[in-house]
Amino acid sequence: MRRMTARPANAHQARLLRLLRDGGPNSRAQLGDQVDLSRSKLAVEVDRLLETGLAVADGLAASRGGRRSHNIRLNPELRFLGVDIGATSVDVAVTNAELEILGHINQAMDVREGPVAVFEQVLAMAAKLRASGLAEGFDGAGIGVPGPVRFPEGVPVAPPIMPGWDGFPVREALSQDLGCPVMVDNDVNLMALGEQHAGVARTVHDFLVVKIGTGIGCGIVVGGEVYRGTTGSAGDIGHIQVVPEGRPCACGNRGCLEAHFSGAALARDAEEAAQQGRSAELAARLEAGGSLGAADVAAAAAAGDATALDLIREGGDRTGQVIAGLVSFFNPGLVVIGGGVTGLGHTLLAAIRTQVYRQSLPLATGNLPIVLGELGPTAGVIGAARLISDHLFSPA
């Protein structure tokens, strides 16, 4: 299986590779405008990248008054695999070195089946993408999982909604199976990387991404870099208490945000409302489908169902209370709301905004956008490809 063997030899080459990844083909002169190198030193470093095959010449650049030079771009044959494992589904995508998605598959999956079963499915999906002609092999893979990760080792640690995953060597096992380097991170950190690379956070250096899915988590970006904390558990906001002595949570505590508002909590509350006769719309959907989810609540709310609207507003209020505390503490330049529950749309967003703007100081919220993510289900796989490219485009 083909794999990328060369790595940048120094920080200058790493910087050039990341500029080409993020900005696409550039002339030597354009690259020179963005790095602090003399023309002769720049020429040496670019030539070395061309020799390694990480970059290639790509047609003549526009003239800037002298002899026209060639554009430089990343090798178009490089391929990264992005894998975003959620609680109930998995996304697998192939990208080129500029992190453009070439092929993308989504399948239903239950993370509670354990790592062996889940990764059998992931490998089958990767093989399907490879067989379609999009890639001979993979030069690297990024993997997101819905729980805390000890980042240096690529190992999940006591993830509440992932029984059987504690301590499983994800990075080591998948690296052997795929035949390429692998990096592993929490799924919301990858969503943050995706929105930073190609989404709503492209021009922001300090921001939060709150993912509301089966569980709730927060990606924290400081100075353009994901902040993971000392042990990799930063941003685990789903287990901040919002109701003293409230509902039991999967983590073992009571009253956690995730126990009161998440995809799973919303489905439970909607089914209870339907069974108790508080919503004819939800009752009809429950009878037709046998179960309810966030999409059913969203549809009922869109039809004007008062109970569905109340469920969304109550959840948004509780989530907004937690985010207000984060905003007061961190003072971000942007808050992005993503995940499966964002199908609830502007009713949810309005409730979150109301709490944040009401509870946080005006200095923190005066110019603070709170918005839905732009990339939807592709944020995680783009972020996963970004993660592995950051690793491979660093000096060995």
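- Pairs passing the ring pair (Phe, Tyr, Trp, His ring centres under 6.0 Å) check and including a residue from residues 151-170, sequence neighbours excluded, read Phe119-Trp165.
- Heavy atoms from other residues, nucleotides or ligands lying under 6.0 Å from CG of Asn10 number more than 12.
- The shortest distance between side-chain heavy atoms of Ser291 and Glu271 falls below 4.5 Å.
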Using the side-chain contact (heavy atoms from CB on, under 4.5 Å) rule, take Val322 and Val242 through it: C-alpha gap first, then chi angles, then the decisive distance, then the call.
-> CA-CA 8 Å; Val322 171; Val242 293; 3.5 Å; yes
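- Checked by atom type and distance alone, the side chain of Asn75 pairs as donor or acceptor with a backbone atom of Gly53 at under 3.5 Å.
- Judged by distance alone, the side chain of Gln34 and the main-chain N or O of Gln30 form a donor-acceptor pair under 3.5 Å.
- Of all heavy-atom pairs spanning Glu195 and Gly373, the tightest one is OE2-CA, 3.4 Å.
- Here the straight-line distance linking atom CZ of Arg130 with atom CG of Leu81 works out to 9.0 Å at 0.5 Å rounding.
- Under the 4.5 Å side-chain heavy-atom criterion for ILVMFWY residues, no single connected hydrophobic cluster contains both Leu392 and Val56.
- For the residue pair Ser27 / Asn71, no side-chain donor-acceptor distance below 3.5 Å is found, with atom types taken as modelled.
- For the residue pair Asp305 and Ser279, the shortest heavy atom distance occurs at OD1-OG, 2.9 Å.
- In terms of hydrophobic clustering, with Ile, Leu, Val, Met, Phe, Trp and Tyr side chains grouped at heavy-atom distances under 4.5 Å, Val200 and Val341 are assigned to different clusters.
- The nearest pair of heavy atoms linking Phe138 to Ala126 is CZ-O, 3.9 Å.
- A single hydrophobic cluster is not seen to contain both Val371 and Ile312; linkage of ILVMFWY side chains at heavy-atom distances under 4.5 Å, directly or through other members, places them apart.
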Does the side-chain contact (heavy atoms from CB on, under 4.5 Å) test come out yes or no for Asp185 and Arg228, once each step is laid out?
-> CA-CA 9 Å; Asp185 204 350; Arg228 298 180 175 87; 2.8 Å; yes
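- Residues Arg386 and Asp390 are paired through a salt bridge, judged by an N-O separation under 4.0 Å between the basic side chain and the carboxylate.
- Side-chain N/O atoms of Gln321 and Gln355 include no donor and acceptor closer than 3.5 Å.
- Looking at Asp139 and Arg79, no side-chain N of the basic residue comes within less than 4.0 Å of a carboxylate O on the acidic one, giving no salt bridge.
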Could you give me the CA-CA distance, side-chain angles and deciding distance for Arg7 and His391, then say whether side-chain contact (heavy atoms from CB on, under 4.5 Å) is met?
-> CA-CA 10 Å; Arg7 294 277 295 276; His391 171 68; 4.1 Å; yes
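- Salt-bridge formation is not detected for the pair Arg318/Glu258: no Lys NZ or Arg NE/NH1/NH2 atom is positioned less than 4.0 Å from an Asp or Glu carboxylate oxygen.
- Side-chain contact between Val356 and Ile370: present, with at least one pair of heavy atoms (C-beta onward) separated by less than 4.5 Å.
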Where do Ser389 and Arg21 land on the side chain to side chain donor-acceptor pair (under 3.5 Å) test, with the steps shown first?
-> CA-CA 9 Å; Ser389 71; Arg21 176 195 67 191; 2.8 Å; yes
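- A salt bridge links Arg285 with Glu281; the closest basic N to acidic carboxylate O contact falls under 4.0 Å.
- Nearest heavy atom pair, residue Ala308 against residue Ala300, reads CB-CB, 3.7 Å.
- The side-chain heavy atoms of Asn106 and Val92, taken from C-beta on, include no pair separated by under 4.5 Å.
- Rounded to the nearest 0.5 angstrom, Glu225 CD and Leu193 CG are separated by 8.5 Å.
- You'll find the side chain of Cys256 reaches within 4.5 Å of the side chain of Cys251, heavy atoms only.
- Between the OG1 atom in Thr378 and the CG atom in Asp84 there is a gap of 10.0 Å [rounded to 0.5 Å].
- Ile212 and Ile240 fall within a single hydrophobic cluster, where Ile, Leu, Val, Met, Phe, Trp and Tyr side chains are chained together by heavy-atom contacts under 4.5 Å.
- Looking at Leu20 and Ile72, their side chains come closer than 4.5 Å, going by heavy atoms from C-beta outward.
- Between the side chain of Asp206 and the backbone N or O of Val204, no donor-acceptor pair lies under 3.5 Å.
- Judged purely by atom type and a 3.5 angstrom limit, Asp47 has no side-chain atom pairing as donor or acceptor with the backbone of Val44.
- Between the side chain of Ser262 and the backbone N or O of Thr214, at least one donor-acceptor pair lies under 3.5 Å.
- Side-chain contact between Pro146 and Met162 is present, with at least one heavy-atom pair separated by less than 4.5 Å.
- With rounding to the nearest 0.5 angstrom, the CG atom of Leu311 is 12.0 Å from the CG atom of Leu348.
- Taking the side chain as every heavy atom from C-beta outward, Val336 and Val210 never approach each other to under 4.5 Å.
- Looking only at distances, a side-chain donor or acceptor of Thr307 sits under 3.5 Å from a matching main-chain atom of Arg278.
- When side chains are defined from C-beta on, Pro159 counts as touching Pro148, because their heavy atoms get closer than 4.5 Å.
- Across all their heavy atoms, Ser360 and Ala324 have their closest contact at OG-O, 2.9 Å.
- A salt bridge is absent between Arg358 and Asp317: the closest approach of a Lys/Arg side-chain nitrogen to an acidic carboxylate oxygen does not fall below 4.0 angstrom.
- One N or O on the side chain of Thr52 and one on the backbone of Leu49 form a donor-acceptor pair closer than 3.5 Å.
- Using modelled atom types, one finds no donor on one side chain facing an acceptor on the other under 3.5 Å when comparing His239 with Asn253.
- No more than 12 heavy atoms of other residues, nucleotides or ligands shown are found within 6.0 angstrom of CD on Glu287.
- Without hydrogens or angle criteria, Glu100 side chain to Thr95 main chain gives no donor-acceptor distance under 3.5 Å.
- Under a 3.5 Å cut-off, the side chain of Tyr357 and the backbone N or O of Leu368 do form a donor-acceptor pair.
- For Asp269 and Arg247, the salt-bridge test passes: some basic side-chain N is under 4.0 Å from an acidic carboxylate O.
- Hydrophobic clustering places Leu349 together with Ile237 (ILVMFWY residues linked when any side-chain heavy atoms are closer than 4.5 Å, directly or through intermediates).
- A salt bridge links Glu98 and Arg73; the closest N-O separation between the charged side-chain nitrogens and carboxylate oxygens is under 4.0 Å.
- Grouped by direct or indirect side-chain proximity (heavy atoms under 4.5 Å, Ile/Leu/Val/Met/Phe/Trp/Tyr only), Leu375 sits with Ile101, Val381, Ile382.
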Kindly determine whether Leu16 and Leu31 satisfy side-chain contact (heavy atoms from CB on, under 4.5 Å), including the steps that lead there.
-> CA-CA 7 Å; Leu16 291 168; Leu31 290 170; 4.2 Å; yes
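- To the nearest 0.5 Å, atoms CD1 (Ile216) and CG (Leu257) are separated by 3.5 Å.
- Atom CZ of Arg112 has 12 or fewer neighbouring heavy atoms from other residues, nucleotides or ligands inside a 6.0 Å radius.
- Across all non-hydrogen atoms, the minimal contact from Leu326 to Cys218 is CD1-SG, 4.2 Å.
- Although no hydrogens or angles enter the test, the distance criterion places no donor-acceptor pair under 3.5 Å between the side chain of Ser175 and the main chain of Glu172.
- Residues Glu153 and Arg150 are paired through a salt bridge, judged by an N-O separation under 4.0 Å between the basic side chain and the carboxylate.
- Counting heavy atoms of neighbouring residues, nucleotides and ligands inside a 6.0 Å radius, atom CD of Gln107 exceeds 12 of them.
- For the atom pair CG of Leu292 and CG of Leu286, the computed distance is 4.5 Å after rounding to the nearest 0.5 Å.
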